[in-house]
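Values in this document were obtained by computation on a predicted structure and should not be read as measured data.
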Amino acid sequence: MRKLIQNIQLLNEQQELQAGSILIEQGRIIEINPKTTTDIDETIDGKGHFVSAGFIDVHVHLREPGGEQKETIETGTAAAAKGGYTTICAMPNTRPVPDTVENLTKVNELIKNNAKIRVLPYASITIREAGKERTDLAALKELGAFAFTDDGVGVQQAGMMYEAMQDAAKINMPIVAHCEDNTLIYAGVMHEGKKNKELGLKGIPSIAESVHIARDILLAEAAGAHYHVCHVSTKESVRVIRDAKKAGVKVTAEVSPHHLLLCEDDIPSNDAQWKMNPPLRAKEDLQALIEGLEDGTLDFIATDHAPHTFEEKANGMEQAPFGIVGLETAFPLLYTHFVKSGKWSLAQLIAWLTEKPADVFGLPYGRLHMGESADLVFIDLNKEQKIEIEKFLSKGTNTPFKEWSCIGWPVMTMFEGNIVWEEK
């Protein structure tokens, strides 16, 4: 079936918007701006909206199996599609953990039966993410594991991480790390800075993250492994990663929208909607993250979408779990505060949401090229509205961005040439 998408705006080779069209057949792009449009089975009017390759998010928590009260594969992928994402990577801190062939097989089956877009599952580095016994990385790779991580907890033993990196290097697979030294957390619930003292809450020092990253970079260099750092949040971490890249270590890193937009100064009270891990840091950390993204030290943007129930987040920071949702709000937030302000170009933001994560992990997605999957997001760059959590498709509504007014909203998403979400 041949579909013609017309009356759209595309980024040209000069990274400028121009009128265009896309021809799709059998779920793939067969021509950009086709010269002839005969034998068309369906024509889709893009209504003048900007069209990008579907976004890629390598850091998403779908909670299923085991945490279906927070999110499911069905609701999480619906939220992703609404946010313009067509490829997401599901973290393994589920119950059971995808740490064996049997458990990963179950996850694959759940994805096959319930996902509305492409979901690539992580497998864990250690059994039950307990940090005591390594998983069979080769067997999990054969079953389609995207990469290996114990996300949610840092691998505490250096020897365990080093051996896992050696195994991963042998099969040319990445090790992805949530970096946190448990001996430096001190039961903290937010950043160790000025705000936690004002609120009388225990803080998590920046070194809890940066010390782990520094350790792992040296281990990765020795093992010859591709090491990817999750949700970088501190200026020290940026410095360590920048130095490692200059030294030729194969390290890549991501940053989340909330760490680019917020710092500890923004936290109004002991409100768990502002509790996330890593926490919102100091203003100088936020600036270092922006600079790190702009200069290539940090490779791309990932949401760390982490839904929880309303009841869990109704407690104060001491009792509530860490995490906020992000799939449905990432683009409008970033577009409003960085592109509309003139700090970034549209092309920069799109690259950090599409081709950059694809390049880091060798994914054949994230670009509008002939022969590639027709994964597309249609965005109304002029649409302005507030973030309304009541309209979220995710089960989670835990976000500090409630009622923020944003410009630039996805209005339709196509996956493999089919519409999977459309604004009503």
For this session: Indicate the ring-plane relationship of Phe338 and Trp344, choosing parallel, tilted or perpendicular according to the 30° and 60° boundaries.
Result: parallel
Exercise. Would you say the side-chain atoms of Glu328 and Ser394 include a donor-acceptor pair closer than 3.5 Å?
Worked result: no
For this session: Could you point out which residue of Lys391, Lys383, Lys47 forms a salt bridge (charged side-chain N to carboxylate O under 4.0 Å, His left out) with Glu423?
Result: Lys383
For this session: Start with the C-alpha distance between Glu209 and Ser233, add both sets of side-chain angles, then the distance that settles side chain to side chain donor-acceptor pair (under 3.5 Å), and finish with yes or no.
Result: CA-CA 8 Å; Glu209 173 181 294; Ser233 72; 2.8 Å; yes
Exercise. Name the one of Val229, Asp216, Ile213 that satisfies side-chain contact (heavy atoms from CB on, under 4.5 Å) with Val251?
Worked result: Val229
For this session: Report yes if the distance between the aromatic ring centroids of His178 and His231 is under 6.0 Å, otherwise no.
Result: yes
For this session: Start with the C-alpha gap between Asp285 and His259, add the side-chain angles, then the distance that decides, and say whether side chain to side chain contact (heavy atoms under 4.5 Å, CB included) holds.
Result: CA-CA 9 Å; Asp285 294 301; His259 290 121; over 6 Å; no
Exercise. Do you know which two heavy atoms are closest between Gly203 and Asn196, and how far apart they sit?
Worked result: N-ND2, 3.5 Å
Problem set entry | Within-4.5 Å side-chain heavy-atom neighbours: His59 and Asp57 | yes
Problem set entry | 4.5 Å side-chain heavy-atom contact, Lys275 and Lys313 | yes
For this session: Quick one: pull up CG in Leu260 and CG in Leu334 and give me the separation to the nearest 0.5 Å.
Result: 6.5 Å
Exercise. For Leu110, does its backbone N or O pair with a side-chain atom of Glu64 as donor and acceptor, under 3.5 Å?
Worked result: no
Problem set entry | Pairwise distance CD1(Ile111) to CG(Leu120) - rounded to 0.5 angstrom | 8.0 Å
Problem set entry | Pairwise side-chain contact, Arg63 with Lys395, heavy-atom cut-off 4.5 Å (strictly under) | no
Exercise. Closest approach of Ile387 and Trp409, non-hydrogen atoms and distance?
Worked result: CG1-CH2, 3.8 Å
Exercise. Does NZ in Lys112 sit with more than 12 non-hydrogen atoms of other residues, nucleotides or ligands closer than 6.0 Å?
Worked result: no
Exercise. Is Glu25 paired with Arg2 through a side-chain N to carboxylate O contact shorter than 4.0 Å?
Worked result: yes
Problem set entry | Glu198 bridged to Lys195 by N-O distance under 4.0 Å | yes
Problem set entry | Verdict with reasoning, Glu254 to Asp304, per side chain to side chain contact (heavy atoms under 4.5 Å, CB included) | CA-CA 10 Å; Glu254 70 195 41; Asp304 190 13; 5.6 Å; no
Exercise. Does a side-chain N-to-carboxylate-O contact under 4.0 Å join Glu416 and Arg118?
Worked result: yes
For this session: Count the heavy atoms belonging to other residues, nucleotides or ligands that lie under 6.0 Å from CD of Glu390, then report whether that count exceeds 12.
Result: yes
Exercise. If every non-hydrogen atom of Pro98 is compared with every non-hydrogen atom of Leu104, which pair is closest and at what distance?
Worked result: CB-CD1, 4.0 Å
Problem set entry | Any Met414 side-chain heavy atom under 4.5 Å of Ile5 side chain | yes
For this session: For the pair Lys194 and Asp265, evaluate salt bridge (charged side-chain N to carboxylate O under 4.0 Å, His left out) and give the outcome as yes or no after the intermediate values.
Result: CA-CA 8 Å; Lys194 57 183 179 181; Asp265 299 343; 3.5 Å; yes
Problem set entry | Main-chain N/O of Gly296 paired to Lys245 side chain as donor or acceptor, under 3.5 Å | yes
Problem set entry | Donor-acceptor pair between Thr75 and Glu71 side chains, under 3.5 angstrom | yes
For this session: Side-chain contact test, heavy atoms from C-beta onward, threshold under 4.5 Å: evaluate it for Met190 versus Met317 and give yes or no.
Result: yes
Problem set entry | Check: Lys3/Asn418 side-chain N/O donor and acceptor closer than 3.5 Å | yes
For this session: Given side chain to side chain donor-acceptor pair (under 3.5 Å), test Thr234 with Arg281 step by step and report yes or no.
Result: CA-CA 7 Å; Thr234 79; Arg281 303 287 187 183; 5.9 Å; no
For this session: Check whether any side-chain heavy atom of Leu199 lies under 4.5 Å from a side-chain heavy atom of Ile267, and answer yes or no.
Result: yes
Problem set entry | Expected output: side-chain Asn108 to main-chain Leu143 donor-acceptor under 3.5 Å | yes
Exercise. Glu192 and Lys197: salt bridge (charged side-chain N to carboxylate O under 4.0 Å, His left out), yes or no, with the steps?
Worked result: CA-CA 8 Å; Glu192 175 63 45; Lys197 295 177 179 63; 2.6 Å; yes
Problem set entry | Trace of the side chain to side chain donor-acceptor pair (under 3.5 Å) decision for Asp271 with Ser269 | CA-CA 5 Å; Asp271 180 351; Ser269 62; 4.7 Å; no
Exercise. Quick check: are there more than 12 heavy atoms from other residues, nucleotides or ligands sitting under 6.0 Å from CG of Asn113?
Worked result: yes
Problem set entry | Lys141 atom NZ: more than 12 heavy-atom contacts under 6.0 Å | yes
Exercise. Would you call Leu353 and Tyr85 a side-chain contact if the rule is heavy atoms closer than 4.5 Å?
Worked result: yes
Exercise. Are Asp181 and Arg215 within salt-bridge range, i.e. N to O under 4.0 Å?
Worked result: no
Problem set entry | Donor-acceptor pair, side chain of His61 and main chain of Ala306, under 3.5 angstrom | no
Problem set entry | For Phe55, the option from Phe331, Trp352, Tyr365 that meets ring-ring contact (aromatic ring centres under 6.0 Å, His included) | Phe331
Exercise. Which heavy-atom pair separates Val107 from Pro121 by the least distance, and what is that distance?
Worked result: CG1-CB, 4.1 Å
Exercise. For Ile241 and Ala253, which heavy atoms make the closest approach, and how far apart are they?
Worked result: CD1-CB, 3.8 Å
For this session: Check step by step if side chain to side chain contact (heavy atoms under 4.5 Å, CB included) holds for Leu261 and Phe401.
Result: CA-CA 10 Å; Leu261 292 161; Phe401 297 113; 4.1 Å; yes
For this session: Can you measure from CD (Glu264) to CG (Leu286) and round to the nearest 0.5 angstrom?
Result: 11.0 Å
Exercise. Going from CD1 on Ile29 to OG on Ser373, what distance comes out if it is rounded to the nearest 0.5 angstrom?
Worked result: 7.5 Å
Exercise. Going from CG on Leu4 to CD on Glu31, what distance comes out if it is rounded to the nearest 0.5 angstrom?
Worked result: 10.0 Å
For this session: Measure the spacing between OG1 of Thr135 and CG of Asp99 and express it to the nearest 0.5 Å.
Result: 7.0 Å
Problem set entry | Pair Asn398-Glu312, side-chain donor/acceptor within less than 3.5 Å | no
For this session: Find out whether Phe146 and Val176 are in side-chain contact, i.e. whether some heavy atom of one side chain is under 4.5 Å from a heavy atom of the other.
Result: no
Exercise. How far apart are the C-alpha atoms of Val58 and Val360, what are their side-chain angles, what is the distance that settles it, and do they pass the side chain to side chain contact (heavy atoms under 4.5 Å, CB included) test?
Worked result: CA-CA 10 Å; Val58 304; Val360 165; over 6 Å; no
Problem set entry | Asp45 and Asn7 side chains, donor-acceptor separation under 3.5 Å | yes
Exercise. Has the side chain of Thr336 got a donor or acceptor atom that lies under 3.5 Å from a matching backbone atom of Ile407?
Worked result: yes
Seminar exercise, completed: Shortest non-hydrogen pair, Thr77 vs Ile73, comes out as OG1-O, 2.6 Å
